[in-house]
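For reference, the structure is listed below as structure tokens.
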2 protein chains.
Amino acid sequence: MNSVPLYEAKAELFRLLGHPVRIRVLELLQDGPMPVRDLLAAIEVEPTGLSQHLAVLRRSGMVTAQRDGSTVVYALAGGDVAELLRAARKLLTQMLTGQHELLAELLKADSR
Amino acid sequence: MNSVPLYEAKAELFRLLGHPVRIRVLELLQDGPMPVRDLLAAIEVEPTGLSQHLAVLRRSGMVTAQRDGSTVVYALAGGDVAELLRAARKLLTQMLTGQHELLAELLKADSR
DNA sequence: TACGTGATTGCGGAAGTTCGCAATTCGTGG
DNA sequence: CCACGAATTGCGAACTTCCGCAATCACGTA
């Protein structure tokens, strides 16, 4: 068991998250389950494209789908996705302010 | 300013992390700056491949490089990468146990 | 049964990623 | 100055991802 090194699994997880549409889907699903129709209305994407991205998330086990009549409702599958997205957001802002500081340094050095 | 939606930036960040070698590099750099030589010894990858992955991380601003004599030393550039990796690890284990529970459910249902 | 709507799947081409080889840069020591 | 080791860059081939079109499946309804 556990034949896949942890860092491989992490890389694969990150690769799964590496698309704007899939990020949007996960963000939207954080507020609770949602039918495809609503996702489609909220995200700028063709129905077929959305289906493909949903399929990726489904295959990876990050979301679950269940039919309710003629519509299909998607939901997060357990894990704490929110925390991961929060950490990503934080890291992004940290990197941006870091660049600002570097820029300020350079400007200061330039004026000397 | 801020012309890129946040979810696009997140997706790009995750895409950057979506490779085993890059994950390993970031993990190793968490214990402090490290010369390329040591990274090369620790990771199973050709020198040229490592350089390319380091270039990706450099361009994205996640790591910094500085020469020290004939070697080049890489370091994390500020942000809290550790937290992101921890969140990823947590989510992975949650997803795995989730699948175990699902499997158990199916087996139970099957035996009825 | 036949039709319409919601959602998915199966392609095919365009675009992007990864990897190794060869060539290049940069610094150190003979 | 020349040769060497460390690291990077340029490039081409193999592979993967992404996107839209057409076809299909699943469900409710006339």
Side-chain angles (χ1 to χ4, degrees), chain A residues 4-5 7-26 28-29 33-77, chain B residues 4-5 7-29 32-77:
Chain A
V4 179
Y7 59 86
E8 293 259 13
K10 278 187 201 159
E12 202 177 312
L13 171 61
F14 286 131
R15 208 157 38 77
L16 282 177
L17 298 177
H19 193 288
V21 169
R22 299 198 285 265
I23 293 286
R24 290 291 289 133
V25 167
L26 293 175
L28 288 166
L29 291 185
M34 201 178 255
V36 173
R37 189 182 333 100
D38 293 3
L39 292 172
L40 203 42
I43 309 176
E44 195 151 316
V45 65
E46 305 290 316
T48 180
L50 181 58
S51 259
Q52 283 168 147
H53 289 296
L54 288 173
V56 170
L57 293 173
R58 236 187 303 125
R59 278 194 293 269
S60 78
M62 299 208 57
V63 305
T64 60
Q66 76 170 3
R67 283 206 98 96
D68 175 19
S70 76
T71 84
V72 176
V73 178
Y74 278 82
L76 291 185
Chain B
V4 179
Y7 59 87
E8 293 259 13
K10 278 187 203 160
E12 202 178 313
L13 171 62
F14 285 130
R15 205 158 39 76
L16 281 177
L17 299 177
H19 191 288
V21 169
R22 297 197 288 265
I23 293 286
R24 290 292 287 130
V25 167
L26 292 175
E27 284 178 345
L28 288 166
L29 291 185
M34 201 176 255
V36 172
R37 188 179 339 100
D38 292 4
L39 292 171
L40 203 43
I43 309 176
E44 195 152 316
V45 63
E46 304 291 317
T48 180
L50 180 58
S51 259
Q52 284 167 150
H53 290 296
L54 288 173
V56 171
L57 293 173
R58 238 186 303 126
R59 278 194 293 269
S60 78
M62 298 207 60
V63 306
T64 60
Q66 75 170 4
R67 281 207 101 94
D68 176 18
S70 76
T71 84
V72 176
V73 178
Y74 278 82
L76 291 185

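So that the names make sense, note that chain A is the first sequence line, chain B the second, and so on, each numbered from 1.
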| message | Distance check needed: dA15(C) P versus His19(A) NE2, whole Å only. | response | 15 Å
| Distance-minimising heavy-atom pair for Ala65(B) and Arg58(B) | CB-CD, 3.9 Å
| query | Given Val25(B) and Tyr74(B), is the side-chain contact (heavy atoms from CB on, under 4.5 Å) satisfied, shown in steps? | reply | CA-CA 9 Å; Val25(B) 167; Tyr74(B) 278 82; over 6 Å; no
| said: Using only modelled atom types and a 3.5 angstrom limit, is any donor from either the side chain of Thr48(B) or the base of dT8(D) paired with an acceptor on the other? | reply: no
| Does any non-hydrogen side-chain atom of Asp38(B) lie less than 4.5 Å from one of Leu28(B)? | no
| task | For Arg15(A) and Arg22(A), work out which heavy atoms get closest and say how close. | result | O-NH2, 3.6 Å
| Arg37(B) CZ to dC26(C) P, straight-line distance once rounded to whole Å | 19 Å
| said: Are the side chains of Glu27(B) and Lys10(A) in contact, using a 4.5 Å heavy-atom criterion? | reply: yes
| said: If you compare every side-chain N and O of His53(B) against the phosphate oxygens of dC19(C) (OP1, OP2), does one of them come in below 4.0 Å? | reply: yes
| request: Give a yes/no answer on whether the side chain of Arg59(A) brings an N or O atom under 4.0 Å of OP1 or OP2 in dT8(C). | output: no
| query | Under 4.0 Å: is that the gap between some side-chain N or O of Ser70(B) and OP1 or OP2 of dG27(C)? | reply | no
| task | Whole angstrom is fine here: how far is it from CZ in Arg24(A) over to C1' in dC18(D)? | result | 19 Å
| said: Which nucleotide wins on minimum distance to the side chain of Ser51(A), given the candidates dT9(C), dT9(D), dG6(C)? | reply: dT9(C)
| request: Measure from CD on Glu46(A) to C1' on dC11(C) and round the result to the nearest Å. | output: 17 Å
| request: Would you please confirm or rule out a distance under 4.0 Å between OP1 or OP2 of dT17(D) and any side-chain N or O of Arg15(A)? | output: yes
| Starting at CG of Leu54(A) and ending at C1' of dA7(C), how long is that distance when rounded to a whole Å? | 10 Å
| task | Return the nearest nucleotide to the side chain of Arg67(B); candidates are dT8(D), dG27(C), dA7(C). | result | dG27(C)
| task | To the nearest Å, give me how far apart CZ (Arg22(B)) and P (dT17(C)) are. | result | 9 Å
| field | Length of the CG-P vector between Leu50(A) and dC18(D), whole Å | value | 14 Å
| message | Does dA7(C) have OP1 or OP2 under 4.0 Å away from a side-chain N or O of Arg58(A)? | response | no
| field | dG6(C) phosphate, OP1 or OP2, under 4.0 Å from Tyr74(A) side-chain N/O | value | no
| request: Could you please name the option among dT8(D), dG20(D), dC11(D) that lies closest to any side-chain atom of Gln52(B)? | output: dC11(D)
| note | Separation of dC19(D) atom C1' from Glu44(A) atom CD, nearest Å, is 15 Å
| field | Upstream residue (5' side of DNA chain D) when Gly18(A) and Gly69(A) are each assigned their closest nucleotide | value | Gly18(A)
